[in-house]
Protein chains: 2
Amino acid sequence: MKQANTYTPPTLTVDNVIFCLIDNVLNVLLIRRTTEPFQGDWALPGGYNAAGETTTEAMQRILQTKAGVKSDNLQLVEQLYTFDTVARDPRGHAVSVTYMGLGRSVQPAATRSTQSPTFFPVSHLPSLAYDHADIIAYAHSRLQSKITYTNAIFALLPQRFTLSQLQSAYEAVFCRELDKRNFRKKFLSLDLIQETDEMHREGAHRPARLYTFKSQSLQALTRTFD
Amino acid sequence: MKQANTYTPPTLTVDNVIFCLIDNVLNVLLIRRTTEPFQGDWALPGGYNAAGETTTEAMQRILQTKAGVKSDNLQLVEQLYTFDTVARDPRGHAVSVTYMGLGRSVQPAATRSTQSPTFFPVSHLPSLAYDHADIIAYAHSRLQSKITYTNAIFALLPQRFTLSQLQSAYEAVFCRELDKRNFRKKFLSLDLIQETDEMHREGAHRPARLYTFKSQSLQALTRTFD
DNA sequence: ACAAAAGTGTTAAGAATACACCCATGT
DNA sequence: ACATGGGTGTATTCTTAACACTTTTGT
């Protein structure tokens with residue numbers, strides 16, 4: 001553990017993948033880079049992590065500053081992976097700790113420091129700076145696993161939601177369709193949600209029962225979903 | 001992304017959790033610290049990661065230097081998690097990227113630089129430096145998941161093994177017993193292993209058929225195990 | 001002959017899949 | 001009355017779980 005006095009650590013950065021459902025489509029938050037490298041390209045909201053600041057603190061600060069997103073708008077945050085190939089930043093070796101954040105209706109607020117924060121459907125991303133396309137792919141795949149063995153989907157849904165919304169959230173993340181009757185039977189049997197006595201009325205059709213999650217904290221499922 | 005010229009990154013370290021089965025017991029590799037802090041305590045083999053070196057390279061260098069373990073003795077290596085609480089190192093903020101390595105029969109070779117590399121049963125660990133007990137607990141839990149949805153167990157077993165050895169490897173990682181007939185039926189149905197025409201003879205009892213894994217690379221299972 | 005681990009099958013309960021029609025509402 | 005999404009059940013197949021005895025070997 002002796003540290004030569006020549007020791008120089010790499011730059012440490014934090015990059016954030018913020019997911020959110022918009023019109024039943026899975027979206028990810030991007031900003032437009034205002035400086036080189038990759039000036040003008042879209043990128044994940046990320047930034048430097050200085051000594052004395054935890055990566056979680058850096059994540060919150062960066063989201064607020066660059067995207068105008070408050071971290072209490074994220075229902076679930078999870079560290080993903082640390083990307084560290086030497087060539088990923090043309091300016092020099094930068095190690096990036098990545099986080100995934102899930103929100104219901106994240107409203108990026110434009111401020112003086114924000115950089116055009118915009119949600120893009122995961123299936124139609126623009127070309128991205130650095131290795132951010134890889135990071136998003138990794139996050140998406142982690143999210144798919146996460147909703148199969150935990151109740152993580154709660155973080156993408158409003159407090160009260162219909163079974164159709166729930167199914168459609170699963171379909172948006174999985175990128176495939178599910179059978180309505182089997183979905184309902186299985187999900188109800190997992191004992192994660194409760195009926196409310198409210199109904200959702202919208203459009204010229206039968207109103208839908210609203211449900212809530214019994215717990216808004218991450219819990220493992222007794223059986224894996226899907 | 002403007003970087004104030006006052007930017008100082010935290011120290012970056014890599015810590016490694018090396019698992020190995022010894023007499024059907026899950027063991028983890030520790031070294032004895034020779035310097036402060038935590039001098040004399042047991043710790044994971046870890047060390048500094050300088051700019052220009054990937055964390056994987058740092059892992060290999062550190063394992064070789066501090067524990068005399070060559071990385072080709074590890075059948076599977078996976079990044080785990082990045083631990084970054086400011087207080088985890090009393091000398092100052094150090095962010096640690098952690099790796100899990102699985103080996104068959106890792107023989108730590110003592111060299112001038114090694115620090116008493118020793119395997120300890122996961123269920124009987126000595127008191128540990130830093131937050132290394134947390135890191136091992138995290139790694140163990142990840143390993144348990146990993147063997148339920150992938151063929152990762154291959155990395156802990158010799159090339160040829162008996163079904164009893166295989167079952168006992170699962171039991172060692174899960175810390176619980178499995179039913180012999182159900183285990184064999186299920187595992188054989190996963191189509192991961194092949195009979196060889198060799199038998200393992202040992203002791204005063206019926207010889208056991210030896211099997212091999214069809215693939216020595218990580219693969220997802222069609223159904224989750226257990 | 002005995003001790004020790006290897007090997008083997010059946011039954012019952014639970015879970016997954018496939019699949020089509022009626023219901024309640026707004027216009 | 002019609003268009004729209006909400007809501008519901010059954011039969012079949014597959015998977016899991018519980019459970020005990022015979023086989024082959026070395027001493």
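Just the heavy atoms: all of them, side chains too, but no hydrogens, waters or symmetry mates, feed the values below. Computed from a predicted model, the values in this text were never measured in an experiment. In the text below, chain A, chain B and the rest are named by the order of the sequence lines, each starting its count at 1.
How far CG of A:L156 is from CG of A:L76: 8.5 Å, rounded to the nearest 0.5 Å. Between B:H132 atom NE2 and B:T98 atom OG1 the span is 9.5 Å, to the nearest 0.5 Å.
The side chain of A:N182 lies closest to C:dT17, out of C:dA16, C:dT17, D:dA18. Here the nucleotide nearest the side chain of A:R181, chosen from C:dA6, D:dT16, C:dC19, is C:dC19.
When all heavy atoms of A:T114 and A:A67 are compared, the closest pair comes out as CG2-C, 3.6 Å.
Rounding to whole angstrom units, CG of residue A:D226 and C1' of C:dA15 are separated by 14 Å. If you measure from atom CG of B:N24 to atom P of C:dA5, you get 12 Å, rounded to the nearest angstrom. To the nearest angstrom, P of C:dA15 lies 14 Å from CZ of A:F225.
Taking a cutoff of 4.0 Å between a charged side-chain nitrogen and a carboxylate oxygen, B:R160 and B:E198 qualify as a salt bridge. Ion pairing of A:D131 with A:R88 is present here, as a side-chain N (NZ or NE/NH1/NH2) and a carboxylate O approach within less than 4.0 Å. Using a 4.0 Å cut-off between a side-chain N of Lys or Arg and a carboxylate O of Asp or Glu, A:D226 and A:K186 do not qualify as a salt bridge.
Contacts between residues 184-200 of chain A and DNA chain D, counted as heavy-atom distances below 4.0 Å, involve A:R184, A:K185. Heavy-atom distances under 4.0 Å link DNA chain D to B:D179 of residues 160-180 of chain B, given in residue order.
Taking side-chain N and O atoms only, A:R223 has a distance below 4.0 Å to OP1 or OP2 of C:dA15.
B:D179 places a side-chain N or O within donor-acceptor distance of the main-chain N or O of B:N182, the cut-off being under 3.5 Å. A donor-acceptor pair under 3.5 Å is formed between the side chain of A:N16 and the backbone N or O of A:P45.
Ring centroids of B:F161 and B:F213 are separated by less than 6.0 Å, placing the two rings close together. Taking the six-membered ring for Trp and the full ring otherwise, the centers of A:Y170 and A:F225 sit less than 6.0 Å from each other.
A:L128 is not listed as a side-chain neighbour of A:I135, based on a closest heavy-atom distance of 4.5 Å or more.
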Heteroatom pairs (N/O) under 3.5 angstrom, protein to nucleotides 24-27 of chain D:
residue: D:dT24; atom: O2; partner: B:R206; partner atom: N; Å: 2.8
residue: D:dT25; atom: O2; partner: B:A204; partner atom: O; Å: 3.0
residue: D:dT25; atom: O2; partner: B:H205; partner atom: N; Å: 3.1

